[in-house]
*Asks:* 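Pasting a structure below so you can have a look.
All of these numbers come straight from a predicted model, not from anything done at the bench. Numbered from 1 within each chain, the chains take letters A, B, ... in sequence-line order.
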Amino acid sequence: MLYIVSVDFDEALGCIVLKLYDSSTDTITYHYDTNFAPYFLSEKKFPLEGIVKQELVDRYDALNDTNIKVWQTIVNHQNVIMGLNKKITYEKEKGNIFPYIVWENYIKYSQSYIYDNDIKIGMPYVREKGVLMLNIDHEAETRVKELVKLVNPDESRKILCAEIAKLLEYPAPEFKRISLDIEVLNDGEIMPNPESATMPIIAVCMQSNTGERFAFALIQGDKPFSCYDNATKVQFFSSERDLILAIFEFSKNYPFIITFNGDEFDLPYLATRAARLDIPSSKIPITIQNRITLWKDAVHIDLYKFFVIKSMQTYAFQQKYKNVDLDTISKALIEEGKYHGEHEWVGDMSYEELLTYCMKDAELTLRLTSYNNSLVMNLILVLSRLSYMPIEYVSRKPISQWIRSMIYYEHRKQNVIIPRSEDIILLKGQTTTQALIKGKKYKGATVIDPIAGFHFKTLVGDFASLYPSIMKNYNLGYATVNCPHSECKNNKFANMPHWICRKNKAIEGRLIGTLKDLRVVWYKKRGKDKTEPRKEWYSVAEQSIKVICNAAYGVFASDDFALYCPPVSEYITGIGRFIISQTIAKAQSFGLNVLYGDTDSIFIKDPPQEKLDELMAWAMNEFNIDFELDKHYRYICLSSRKKNYLGVLENGDVDVKGLTAKKKHTPKIFKDVFSETKKLLAEIQKPEDVPAKRAEILKLVKTTYSKLKQRKWKSNEDLAFHVTLSKRLEDYDKTEPQHVKAAKYLLSKGYNVGQGLEVSYIKTMGKERVKPTNLTKTEEVDIKKYIEFLKSAFNQILEPLGIDWDGDILGVCQLSRFCNMDPKDLNSA
DNA sequence: GCGGACTGCTTACCT
DNA sequence: ACAGGTAAGCAGTCCGCG
């Protein structure tokens with residue numbers, strides 16, 4: 001079977017080339033297509049060098065709801081269009097308007113090819129008489145039919161639903177792959193630079209998912225020989241050139257090359273080094289593009305680029321890792337970190353230690369693609385299918401580009417002209433609501449003021465995929481918001497000034513709505529069902545849809561999105577606010593005790609079942625959105641702060657949301673006490689248990705308090721704050737925050753400090769107030785600040801528990817007499 | 001000259 | 001480099017204080 005993994009324009013051959021993965025031989029093969037040429041559309045014909053053909057074609061203009069005739073200009077090379085774009089930009093910069101209206105001139109040539117030829121990236125094909133054809137999988141087709149019946153989309157979405165389902169139901173191969181990691185000699189201070197590549201590569205390790213482990217080392221002068229045997233092949237080279245050639249040779253057996261940061265380091269370093277050592281460029285299988293590095297005759301996946309995608313971090317990996325580096329991610333996902341041996345710098349390591357270190361990196365990199373039934377590889381594959389983007393691109397590009405690509409595909413499919421961003425903005429760029437946050441474009445979600453306290457038997461109901469559901473139910477998209485029809489102008493909802501089209505269906509609402517339906521009706525259940533043989537795959541599909549759906553609302557308000565149209569997002573949140581407030585009002589009219597709510601959720605205290613059922617039925621009926629019971633807390637501990645609570649589920653699991661103790665910058669000493677506190681809280685079963693645990697928690701906090709007072713902590717590390725330097729040092733021109741101060745101090749002492757660094761610092765006495773952790777002496781610590789922090793962090797829990805800091809912790813009793821509550825009162829309300 | 005009230009900046013979180 | 005809303009701490013400013 002052949003799986004299309006990428007599509008590109010081959011400069012040398014002058015044609016489109018499809019990269020195929022042959023699952024029967026585990027190799028990469030190619031398919032060439034000379035029958036496609038780049039084109040763009042324009043209102044009028046105009047002269048241009050390189051035109052092959054110009055003809056009038058029909059398109060539908062969704063923005064203006066008209067059928068139009070436009071000129072399609074086919075040219076002999078994509079450079080012609082790039083030249084045209086340059087001219088347009090140039091004119092714009094000079095303040096002139098380009099005299100012709102041009103469409104679809106910014107679409108990447110290979111993507112245009114994919115859309116127009118309906119190329120299903122990541123799907124199985126067969127080649128018959130030189131023609132590629134989708135290989136029909138009858139089992140998958142049967143499931144698709146069953147699924148469409150179950151999802152039951154309206155007539156106009158049936159085909160779309162089946163099409164997407166196919167992408168998710170068709171079989172996936174287990175890609176043969178090998179990871180690669182290199183070590184470069186350095187003096188321990190400066191990171192080796194791949195552009196100059198002055199230092200030699202001293203080790204390269206590779207590990208494949210077929211069980212091979214290759215370890216290659218360069219013999220370094222008179223370093224004493226030591227053996228490394230944890231590999232299927234170990235080889236020592238006296239010539240670095242031979243080592244590199246061997247790597248290139250070995251890689252030929254692997255269609256997928258996996259690295260961690262290979263785009264920016266390993267691959268360009270290998271390439272530059274190879275060139276320096278006079279390896280002819282024809283023998284170097286590495287192509288360095290703009291911040292992307294590809295491997296010829298293979299697919300290079302840089303896991304760093306994939307894991308750094310914010311939406312992946314949040315929705316597919318549930319924030320399990322907070323920093324993007326190999327050590328953090330592998331610890332979070334496969335519970336094993338990098339190798340830490342005797343020496344810190346590779347130059348000081350023995351051959352054995354060096355190869356152990358290097359191999360561990362290769363091993364972790366490979367395992368990140370293989371754990372959990374190749375979850376990561378499958379995610380990349382499914383996202384490629386859904387977005388119609390090559391694997392090499394989808395794994396590197398931000399989510400807005402995936403969504404753009406999906407929407408473009410639908411446009412081409414339906415013969416709709418892809419609108420120019422400037423036209424969308426001109427016609428419907430205006431928002432009308434006022435954001436609560438200064439500088440934001442429009443009003444967002446509602447957050448209900450929580451009722452502080454300990455609340456037993458609290459249920460959380462929420463609207464499943466609220467925003468995607470709104471997009472679908474209210475027919476939202478750039479073309480349908482404030483459409484050109486006067487007869488639609490009264491079609492308004494939720495007191496929003498915008499109206500929505502009644503006559504036409506929005507492409508975006510249909511697409512996102514269908515994805516959402518598939519997830520809710522089919523994939524969500526099956527991804528969790530232990531009896532389902534395809535469970536893991538379904539869970540991948542479910543997560544992929546979730547990632548896309550969750551971002552779909554936001555991209556329309558992101559000004560670099562190609563279909564930027566903020567009223568779409570504004571309308572979604574507007575209806576969202578309406579829905580949640582109506583539902584709360586309804587709940588209260590039923591006599592239900594609503595404790596809290598955020599965006600799409602409602603926390604209800606101990607509701608009678610029948611009232612709850614009634615509310616859910618009402619919501620479902622009123623809004624046609626699944627309102628489901630999400631969580632069942634044994635009790636919830638709400639402080640008066642929004643987005644800030646702790647809940648204990650029936651099974652004793654503890655949900656912590658937004659509390660300071662959970663934040664990554666918080667010093668370990670507080671995290672440790674908090675995790676003890678959590679254990680105590682998890683033991684509370686009934687209201688009667690509260691007083692005893694309350695006393696224990698009180699003791700814990702008091703102990704920490706006196707530990708600080710007496711300066712009795714294990715290590716200064718425990719007091720360190722960890723704050724990310726999110727900008728370059730010189731870009732903090734408004735204020736100088738503490739972590740920046742600490743970073744500058746480090747810099748002055750010769751440390752390497754740059755954007756993205758997590759600065760570790762301690763609050764100290766004296767004018768500077770902070771010092772880098774490693775340069776702080778114990779006696780410099782400003783305990784007062786730490787006690788303040790302890791107070792503030794724990795008040796989030798202590799306050800609902802009825803513990804008063806000044807009275808109960810410090811034992812200064814004046815105030816406590818007035819706010820000392822009887823424990824019984826805590827549990828009433 | 002110093003401290004409280006205030007605003008704005010920054011980070012990390014929630015949905 | 002999907003959005004807005006919230007918490008928290010600190011930096012910096014203004015103002016009043018005889």
*Asks:* Would you indicate which nucleotide in C:dG5, C:dA11, C:dA3 comes nearest to any side-chain atom of A:T735?
*Replies:*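 Selected nucleotide (nearest to the side chain): C:dA11.
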*Asks:* Determine whether the aromatic ring centres of residues A:F578 and A:F493 are separated by less than 6.0 angstrom.
*Replies:*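 Aromatic pair excluded; centres sit 6.0 Å or further apart.
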*Asks:* Would you kindly say whether A:Q543 and A:S539 are connected by a side-chain donor-acceptor distance under 3.5 Å?
*Replies:*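 Judged by distance alone, the side chains do pair up.
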*Asks:* Within 45° of the ring axis of A:Y786 and under 6.0 Å from its six-membered ring centre, is that where the NZ or CZ of A:K763 lies?
*Replies:*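 Verdict for A:Y786: no cation-pi partner in A:K763.
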*Asks:* Report yes or no: is there a donor-acceptor pair, N or O only, under 3.5 Å between the side chain of A:K643 and the base of B:dC14?
*Replies:*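 Counting by modelled atom types and ignoring angles, a donor-acceptor contact under 3.5 Å is found here.
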*Asks:* Rounding to a whole Å, what distance do you find between A:Y442:OH and C:dG5:P?
*Replies:*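 Answer to the nearest Å: 8 Å.
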*Asks:* Within the 3.5 Å criterion, strictly below it, is a donor on A:S639 or A:Q796 matched to an acceptor on the partner's side chain?
*Replies:*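 No pair is found: no donor N or O on one side chain lies under 3.5 Å from an acceptor on the other.
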*Asks:* With heavy atoms under 4.0 Å as the rule, sort A:Y315 into base, sugar-phosphate or nothing.
*Replies:*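 Base, at least one base heavy atom under 4.0 Å.
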*Asks:* At under 4.0 Å, does any side-chain N or O of A:K663 touch on OP1 or OP2 of B:dT11?
*Replies:*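 A:K663 to B:dT11 OP1/OP2: no side-chain N or O under 4.0 Å.
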*Asks:* For A:T573, answer base if it contacts any base atom (sugar-phosphate contacts may also be present), sugar-phosphate if it contacts only those atoms, and nothing otherwise; contact means non-hydrogen atoms under 4.0 Å.
*Replies:*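 Nothing, no heavy atom under 4.0 Å.
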*Asks:* At under 4.0 Å, does any side-chain N or O of A:H739 touch on OP1 or OP2 of B:dT10?
*Replies:*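 Indeed not, no polar side-chain atom of A:H739 lies that close.
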*Asks:* Any base atoms under 4.0 Å from A:Q319, or only sugar-phosphate, or nothing? Heavy atoms, all strands.
*Replies:*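 No contact.
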*Asks:* Which one, C:dC2, C:dA7, C:dG5, comes nearest to the side chain of A:K642?
*Replies:*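 The answer is C:dA7, which lies nearest to the side chain.
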*Asks:* Is the phosphate of C:dA1, meaning OP1 or OP2, less than 4.0 Å from a side-chain N or O of A:S558?
*Replies:*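 Indeed not, no polar side-chain atom of A:S558 lies that close.
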*Asks:* Could you check whether A:S792 gets within reach of a base, just the sugar-phosphate, or nothing at all, counting any heavy atom under 4.0 Å?
*Replies:*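 Touches sugar-phosphate only.
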*Asks:* Quick one: A:N644 CG to B:dC13 C1', roughly how many Å, whole number?
*Replies:*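 Rounded to whole Å, this separation is 9 Å.
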*Asks:* Quick one: which of C:dA11, C:dT6, C:dC2 gets closest to the side chain of A:I399?
*Replies:*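 The listed nucleotide nearest to A:I399's side chain is C:dC2.
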